[in-house]
Amino acid sequence: MKEVSFSDFYQAYKTSGIQILDVREQEEYEVLHLEGVQLLPLSTLPNQYRQLERDQVYYVICKSGMRSARACLFLEELGYDVINVQGGMDALESSVE
């Protein structure tokens, strides 16, 4: 599974038009999220993944990196090009403090 540090991810987020999937639940997303990020909770991923484009690279983020890693493994098996964001949104919160 491909992974990227949060700092490298955040730099790409600020400077390029990368595609990002947030696999947290709706309630978590509403508390804190990055603008322009697609919410696709891990709990709905098996039924909703078909809405993703196969020719896109997706950066996958969650709270700490665990759910996003599971989502990446699932999507990789289906042929999607995904990159797990290490540290997740916890890394954003700690970098702001």
Side-chain angles (χ1 to χ4, degrees):
M1 169 178 42
K2 292 185 270 186
E3 294 189 299
V4 64
S5 69
F6 184 84
S7 60
D8 289 345
F9 157 76
Y10 197 65
Q11 187 63 33
Y13 166 73
K14 292 190 311 186
T15 60
S16 357
I18 61 174
Q19 295 292 319
I20 305 165
L21 294 178
D22 190 327
V23 296
R24 297 174 300 153
E25 295 300 318
Q26 180 73 40
E27 302 79 34
E28 296 170 284
Y29 181 84
E30 289 173 5
V31 171
L32 176 67
H33 66 271
L34 298 169
E35 287 299 314
V37 173
Q38 180 180 352
L39 177 65
L40 187 59
L42 182 62
S43 62
T44 66
L45 190 60
N47 297 321
Q48 301 293 322
Y49 73 89
R50 289 175 191 86
Q51 68 184 324
L52 301 174
E53 297 177 35
R54 289 214 182 254
D55 62 347
Q56 284 288 334
V57 175
Y58 291 96
Y59 288 79
V60 185
I61 194 165
C62 66
K63 182 179 185 325
S64 65
M66 299 300 287
R67 282 178 282 179
S68 57
R70 288 181 22 216
C72 284
L73 290 173
F74 174 79
L75 291 169
E76 277 181 343
E77 287 182 12
L78 296 169
Y80 289 91
D81 191 358
V82 290
I83 302 169
N84 185 40
V85 178
Q86 298 173 332
M89 294 302 287
D90 283 348
L92 173 66
E93 288 184 295
S94 65
S95 67
V96 172
E97 294 174 359

Test Ile20 against every option in Val60, Leu39, Ile61, Ile83 by the side chain to side chain contact (heavy atoms under 4.5 Å, CB included) rule and name the one that passes.
Ile61
When the side chains of residues 30-38 are checked against the rest of the protein, which donor-acceptor pairs come out under 3.5 Å, sequence neighbours left out?
from, atom 1, to, atom 2, distance (Å)
Glu30, OE2, Gln26, NE2, 2.9
His33, ND1, Tyr29, O, 2.9

Between Cys62 and Asp22, which heavy-atom pair has the shortest distance, and what is it?
CA-OD1, 4.4 Å
Should Leu75 and Tyr58 be regarded as members of a common hydrophobic cluster, given that ILVMFWY residues are connected when their side-chain heavy atoms come within less than 4.5 Å of each other, either directly or indirectly?
yes
Minimum heavy-atom distance between Asn84 and Gly65, given as atom pair plus value:
ND2-O, 3.6 Å
Tell me, please, which residues at least two apart from Ser16 pass side chain to side chain contact (heavy atoms under 4.5 Å, CB included).
Ala12, Ile18
Please check if Tyr13 and Leu21 belong to a single hydrophobic cluster, counting links between Ile, Leu, Val, Met, Phe, Trp and Tyr side chain heavy atoms closer than 4.5 Å.
no
Under the salt bridge (Lys or Arg N to Asp or Glu O under 4.0 Å) definition, can you give me all pairs with a residue in residues 68-88, not counting sequence neighbours?
Lys2-Asp81
Evaluate Gln86 against Phe6 for side-chain contact (heavy atoms from CB on, under 4.5 Å), listing each step before the verdict.
CA-CA 6 Å; Gln86 298 173 332; Phe6 184 84; 5.9 Å; no
Name all pairs fulfilling the salt bridge (Lys or Arg N to Asp or Glu O under 4.0 Å) condition that reach into residues 53-68, sequence neighbours left out, sorted by first residue then second.
Glu28-Arg67, Lys63-Asp90
Side-chain atoms of residues 42-49: list all donor-acceptor pairs with protein atoms under 3.5 Å, sequence neighbours left out, distances to 0.1 Å.
from, atom 1, to, atom 2, distance (Å)
Ser43, OG, Glu25, OE1, 3.3
Ser43, OG, Glu25, OE2, 2.9
Thr44, OG1, Pro41, O, 3.0

Tell me whether Tyr80 shares a hydrophobic cluster with Leu40, the cluster being built from Ile, Leu, Val, Met, Phe, Trp, Tyr side chains joined at under 4.5 Å.
yes
Connected hydrophobic set around Met1, excluding itself, where side chains approach under 4.5 Å:
Leu73
Single-linkage hydrophobic cluster Leu78~Val23, side-chain heavy atoms < 4.5 angstrom:
yes
Would you check if Leu52 and Gln56 make a side-chain contact, meaning some heavy-atom pair closer than 4.5 Å?
no
